[in-house]
Trainee: 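Once you've had a glance at the structure underneath, I'll fire off some questions.
Chain identifiers are assigned alphabetically (A, B, ...) following the order of the sequence lines, protein sequences preceding nucleic acid strands; residue numbering begins at 1 within each chain.
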Amino acid sequence: MIRHDLTQRLQHAIDALVSEGRLPSGLPRAEIADPRDPAHGDFATNFALVASKPAGKNPRELAEMVREAVTDASVFESIDVAGPGFINFRLTPGYIAGWLTPLLAEGEQLAHAAGRDNPSPKRINVEFVSVNPNGPITIGSGRGAAFGSTLCSVLEAAGNTVHREYYINDGVNSEQMRLFAESVKALVEGRPVPDNGYKGDYVQEVASSLTTAGGETVDWFQQQSQALMLKRQHTDLSVFATEFDTWFSEQSLHDRGIVAQDIDELAAKGAADTRPIRNKLKLGKGSVLEDVEIETQAGATEDDGELTPPPSPLPASGEGENATLWLRSTKFGDDQDRVLKRQDGRLTYIASDVAYHKDKFNRPADAEKLITILGPDHHGYIGRLHAVVAALEMAPSNNSDAAPLTELEAKLYDSPADRDACQAALARSKEKLEVVIFQLVRFMKEGKPAPMRKRDGNIYAIIDLVDEIGRTVKPNASKAEQQEVGKDVARFFYLMRSHDTTFDFDLDLAERQSDENPVFYVQYAHARICSVIAKAAEAGLTAESNPSLIDHPKELALIKMIADLPYEVSRAAEDYGVHRLATYAIDLARAYHHFYDACRVIQPEHPELSRARISLCVATRNALRSVFSLLGISAPERMDRETN
RNA sequence: GCGGCUGUAGCUCAGUGGAUAGAGCAUCUGUCUUCGGAACAGAGGGUCGGGGGUUCGAAUCCCUCCAGCCGCGCCA
């Protein structure tokens, strides 16, 4: 809020210089930043350095001009030109303290003030977690849940409309789900589970909770067991403060018959066909296309070594009914064509994706933008998803002015118009769908990587992590209280680091040495504030904003920090760096502790000063609650240490 | 081979092209007859993996090399 105001003041001053003809137009926008050294002032700008060349003036001369134009004694205590041309601003205490009242007016929705500065709010569909209903949510998926749910909150606070979506991979054609069902069936019938089958305790739990009469089919087991797993996933995610607006079933697409229909439409457009070949791209440095390799499928007809693909754009009935249907995803930037329909006639997962994405774009409250959050093992999936959306977007073109195909392009495209249509569709796809990959988390237990693979019978579920941390931190509390604190610690651990970087999650640290966890540092600040406010109330003192009494450096630093929350939210919404909000929470807590140490709040002999400082406490508490709410952690009013 | 990520203090990690690179933990020294000490003040600790380049200015952008993790199925 302060940054926004200062940026505007600076920009107005520059605009005035331009309209007076003292500076040329077309200069870069002014930006306000933190000075490297606080001794330089409260804020700084590098405008004179950046604009020096286009303005045709040397940086210091330009800085001097701007300094004079922006001067306002009620706002700036001093403005100095320093070094090569930085402009350092020192704000008056009155100006900073004056922000206390508007900050209080934002209440616990302070983070949402970021929405007012959003020039182009969007309707965004965010899909995350989306694992198979064949096991509990693992600690690996926990990162996706923590990151995804917080990103949604941040995007919302930044003024967008967000739809949270979970895609249930429950297709009857799924080989993994079939194997899961067969594993459960075997356990129920007292047989050993199949090779490579599912062996974890939770499989036994599913088997035990099924009531069977004997003779049930694998289909029945699949339906029953995945329904049970789904229910458990829903519950576990709720405990982990992760909720969804829509749980979308893959199978429902097949039930409506639209998967087969939609892929036929792709075939009609030339985005898919049944020729028994597959294109594979040979890519050089920087993914530059070097060559197109053609992989011949079994059953392809070859004469004299020369391939003659039968011209069958549509999967006709009768003979050839079971021919493989290919998505020609190489036309849309993917590195190889993908199978939509297998040789045995069953549809693949990616076929469902075609119908799923079409559905997402065509709902009544249609999303303008899709964000799909995937785990690190799915990074090869990005090109495929963009190809799927591009194939849907593609509109055949008859443009005859297009440049002729190069030799390489001729291997991929039917005509110049085909190439242009595909490339335009891919560009639209990349605008409308953003795939965000979060990186690997390695869980360390007793100094070694903890096993967490899905089929080794030793799954580490997110709910186990939450429960374990909760039991250690609050051994005497109720289950619900333990789960809350376990959730807080686990979420904060996940969220402290950028989603885009690999990190080690030290389970022993989270479980045993939780005192050292920064989440307690930030929550403690909140509890301390609540305690102070309660104590003040006992002395008959309540909050009353009075900026004229606020002038201590620690008070002013705290106000500046509080006012930065909407700015941090806007930044995080832009680049998805939601981890900075965890860092912000720590910095805000620290600023409060510094203030608390330097400025005594409750002083009955100075009631007006006390009331003013209490109002600063309230503003801090509101800001903490606001950022905690984004992070999905609780704001305890008291924290009583337990020993065990 | 192609792609993604990583390399910053003893450890775990922040860092928006900007000025003398930061925090927590750990180590050491202090504050405190407390509005909650899960706090605060201070100290030591660095060839930002190596080398080139762009720039007035690079931990940050580009190239290259080294080291490590991960992914590239008619699985999902």
Side-chain angles (χ1 to χ4, degrees), chain A residues 31 33-37 40 44 46 49-50 52-53 58-59 82-86 88 130-132 134 169 171 174-177 179 250 278 281-287 290 297 324-326 335-336 338-344 346-350 352-353 375-383 437 439-440 442 496-498 500-504 506 509 513-518 520-525 527-536 538-539 541 571 575 577 579-580 582-583 586-587 589-590 592-594 596-603 610 613-614 617 638-641:
Chain A
E31 285 178 23
D34 300 314
R36 169 59 69 190
D37 187 340
H40 292 144
N46 61 357
L49 292 166
V50 176
S52 158
K53 205 169 280 178
N58 80 54
F86 291 102
N88 293 320
S130 295
V131 297
N132 287 329
N134 60 3
N169 299 174
S174 161
E175 297 189 5
Q176 292 184 13
M177 291 313 302
L179 185 58
E250 178 191 352
R278 157 168 26 201
L281 305 187
K282 188 174 185 316
L283 300 173
K285 272 285 173 211
S287 292
E290 287 183 347
Q297 299 301 302
T324 305
L325 182 70
W326 299 94
D335 61 351
Q336 59 179 310
R338 305 289 169 176
V339 173
L340 289 170
K341 190 163 79 172
R342 300 170 174 126
Q343 281 189 333
D344 63 10
R346 289 182 303 146
L347 298 170
T348 62
Y349 182 77
I350 196 169
S352 308
D353 263 338
D377 49 336
H378 284 64
H379 115 262
Y381 207 72
I382 300 174
I437 302 287
Q439 292 298 325
L440 192 78
R442 202 168 50 147
M496 276 193 313
R497 279 67 178 262
S498 164
D500 199 26
T501 182
T502 319
F503 84 103
D504 285 353
D506 188 335
L509 182 70
Q513 302 179 19
S514 45
D515 280 15
E516 297 160 15
N517 194 307
F520 294 119
Y521 180 84
V522 299
Q523 289 184 321
Y524 177 75
R528 195 179 217 187
I529 293 169
C530 291
S531 172
V532 169
I533 292 173
K535 188 120 183 173
E538 284 174 22
L541 295 166
R571 275 218 301 157
D575 67 3
H579 67 288
R580 280 193 302 261
T583 308
I586 293 170
D587 289 342
R590 180 172 299 117
Y592 181 78
H593 288 311
H594 289 178
Y596 178 88
D597 188 62
C599 305
R600 189 174 179 89
V601 176
I602 303 174
Q603 302 182 56
S610 298
R613 286 183 172 167
I614 293 164
C617 290
R638 33 183 308 161
M639 296 170 70
D640 299 309
R641 186 169 240 152

Trainee: Mind checking the C1' distance from rC66(B) to rU20(B)? Whole angstroms is fine.
Mentor: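 31 Å, rounded to whole Å.
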Trainee: Gln439(A) or Pro35(A): which one's nearest nucleotide on RNA chain B is closer to the 5' end?
Mentor: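 Final value for this comparison: Gln439(A).
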Trainee: Touch check for Arg613(A), heavy atoms < 4.0 angstrom, all strands: base, sugar-phosphate only, or nothing?
Mentor: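 Nothing, no nucleic acid heavy atom in range.
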Trainee: Could you write out RNA chain B as dot-bracket? Rules: Watson-Crick or G-U wobble, both distances under 3.5 Å, brackets [ ] for crossings, | for pairs with another strand, dot for unpaired.
Mentor: (((((((..((((....[...)))).(((((.......))))).....(((((..]....))))))))))))....
Trainee: Who passes ring-ring contact (aromatic ring centres under 6.0 Å, His included) against His593(A), sequence neighbours left out?
Mentor: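 If we apply the ring-ring contact (aromatic ring centres under 6.0 Å, His included) test to His593(A), skipping adjacent residues, the hits are Tyr521(A), Tyr524(A).
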Trainee: Check every atom of rA14(B), rC5(B), rC72(B) against the side chain of Asp335(A) and return the nucleotide holding the closest atom.
Mentor: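 Comparing rA14(B), rC5(B), rC72(B) against the side chain of Asp335(A), the answer is rC72(B).
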Trainee: Any side-chain heavy atom of Ile350(A) sitting closer than 4.5 Å to one from Leu340(A)?
Mentor: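 Ile350(A) reaches Leu340(A) side chain to side chain.
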Trainee: Looking at residues at least two apart in the chain, or sitting in another chain, which of them share a ring-ring contact (aromatic ring centres under 6.0 Å, His included) with Phe86(A)?
Mentor: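 If we apply the ring-ring contact (aromatic ring centres under 6.0 Å, His included) test to Phe86(A), skipping adjacent residues, there are no hits.
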Trainee: Please determine whether a side-chain nitrogen or oxygen atom of His593(A) lies at a distance below 4.0 Å from atom OP1 or OP2 of rG36(B).
Mentor: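 For rG36(B), OP1/OP2 do not have a side-chain N/O of His593(A) under 4.0 Å.
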Trainee: Suppose we screen for side chain to side chain donor-acceptor pair (under 3.5 Å). Which residues come up paired with Arg442(A), at least two apart in sequence or across chains?
Mentor: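 Expected list: Asp504(A).
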Trainee: Under the rule for side chain to side chain donor-acceptor pair (under 3.5 Å), what residues qualify as partners of Asp587(A), not counting sequence neighbours?
Mentor: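 Arg590(A).
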Trainee: For Arg497(A), check side chain to side chain donor-acceptor pair (under 3.5 Å) against everything at least two apart and list the hits.
Mentor: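 Arg497(A) satisfies side chain to side chain donor-acceptor pair (under 3.5 Å) with no residue once adjacent residues are dropped.
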Trainee: With rounding to whole Å, what would you report as the distance between rU16(B) and rU27(B) at their C1' atoms?
Mentor: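 The same atom, C1', in both gives a distance of 33 Å.
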Trainee: With rounding to whole Å, what would you report as the distance between rC65(B) and rG3(B) at their P atoms?
Mentor: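 Looking at atom P only, rC65(B) and rG3(B) are 12 Å apart.
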Trainee: Closest to the Ser498(A) side chain: rG18(B), rA14(B), rC74(B)?
Mentor: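 Between rG18(B), rA14(B), rC74(B), the one nearest the side chain of Ser498(A) would be rA14(B).
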Trainee: Anything under 3.5 Å between a protein N or O and an N or O of nucleotides 68-70 of chain B, put it in a table, one pair a line.
Mentor:
none

Trainee: Kindly write out the residues that satisfy side chain to side chain donor-acceptor pair (under 3.5 Å) with Glu290(A), not counting sequence neighbours, or none if the list is empty.
Mentor: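 Checked Glu290(A) against side chain to side chain donor-acceptor pair (under 3.5 Å); zero matches.
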Trainee: If we require ring centres under 5.5 Å and near-parallel planes under 30°, does His378(A) stack on rG71(B)?
Mentor: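 Ring-base stacking flag not set for His378(A) and rG71(B).
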Trainee: Measuring from the side chain of Ser174(A) (C-beta onward, heavy atoms only), which nucleotide among rA39(B), rC35(B), rA76(B) has the closest atom?
Mentor: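 The listed nucleotide nearest to Ser174(A)'s side chain is rA76(B).
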Trainee: Are Tyr349(A) and rC75(B) stacked, counting the six-membered base ring, centres under 5.5 Å, planes under 30°?
Mentor: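 Whether judged by distance or by angle, Tyr349(A) falls short somewhere, so it does not stack on the base of rC75(B).
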Trainee: What residues form a salt bridge (charged side-chain N to carboxylate O under 4.0 Å, His left out) with Asp506(A), not counting sequence neighbours?
Mentor: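 Scan of Asp506(A) (salt bridge (charged side-chain N to carboxylate O under 4.0 Å, His left out), adjacent residues dropped) gives none.
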Trainee: Just to verify, what does Asp34(A) make a salt bridge (charged side-chain N to carboxylate O under 4.0 Å, His left out) with, not counting sequence neighbours?
Mentor: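 Testing Asp34(A) for salt bridge (charged side-chain N to carboxylate O under 4.0 Å, His left out), a comparison that skips the adjacent residues, returns Arg3(A).
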Trainee: Can you tell me if Glu31(A) has over 12 outside heavy atoms packed within less than 6.0 Å of its CD?
Mentor: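 Counting neighbours around CD of Glu31(A), 12 or fewer heavy atoms of other residues, nucleotides or ligands fall under 6.0 Å, so no.
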Trainee: When you measure from the side chain of Trp326(A), which nucleotide among rC74(B), rA19(B), rA38(B) comes out closest?
Mentor: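 So the side chain of Trp326(A) is nearest to rC74(B).
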Trainee: Using the C1' atom in both, what is the distance from rA14(B) to rG30(B), to the nearest Å?
Mentor: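 The same atom, C1', in both gives a distance of 27 Å.
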Trainee: Partners of Asp500(A) by salt bridge (charged side-chain N to carboxylate O under 4.0 Å, His left out), sequence neighbours excluded?
Mentor: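 Once residues adjacent in sequence are excluded, Asp500(A) has no partner under the salt bridge (charged side-chain N to carboxylate O under 4.0 Å, His left out) criterion.
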Trainee: From C-beta outward on Tyr524(A), which listed nucleotide comes closest to its side chain: rC74(B), rC40(B), rA39(B)?
Mentor: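 Looking only at heavy atoms from C-beta outward on Tyr524(A), the closest nucleotide is rA39(B).
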Trainee: Polar atoms only, N or O, under 3.5 Å: list the protein pairs with nucleotides 9-12 of chain B and their distances.
Mentor:
{"unit_1": "rU12(B)", "atom_1": "O2'", "unit_2": "Arg497(A)", "atom_2": "NH2", "d": "2.5"}

Trainee: I'd like the C1' distance from rA38(B) over to rC32(B), given in whole Å.
Mentor: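 So the two C1' atoms sit 16 Å from each other.
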Trainee: Could you measure between the two C1' atoms, the one in rU47(B) and the one in rA9(B), and give it in whole Å?
Mentor: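 That atom pair is separated by 13 Å.
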Trainee: Strictly distance-based, threshold 3.5 Å: is any side-chain N or O of Ser610(A) a donor or acceptor partner for the main-chain N or O of Val601(A)?
Mentor: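 Between the backbone of Val601(A) and the side chain of Ser610(A) there is a qualifying donor-acceptor contact (under 3.5 Å).
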Trainee: Ring-on-base stacking between Phe86(A) and rG18(B), under 5.5 Å between centres and under 30° between planes: is it there?
Mentor: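 Aromatic stack with rG18(B) absent for Phe86(A).
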Trainee: How is Asn58(A) classified with respect to the nucleic acid when contacts are heavy atoms under 4.0 Å: base, sugar-phosphate, or nothing?
Mentor: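 The answer is nothing, as Asn58(A) stays clear of every strand by at least 4.0 Å.
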Trainee: Under 4.0 Å, counting only non-hydrogen atoms across every strand here, what does Asp506(A) touch: a base, just sugar-phosphate, or nothing?
Mentor: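 Nothing, no nucleic acid heavy atom in range.
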Trainee: Between rU31(B) and rG51(B), how far apart are the P atoms? Round to whole Å, please.
Mentor: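 Pairwise P distance, rG51(B) against rU31(B), rounds to 45 Å.
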Trainee: Using a distance-only criterion (donor-acceptor N/O pair, under 3.5 Å, no hydrogens), is the base of rA76(B) paired with the side chain of Asp353(A)?
Mentor: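 In this structure, the two groups form no donor-acceptor pair.
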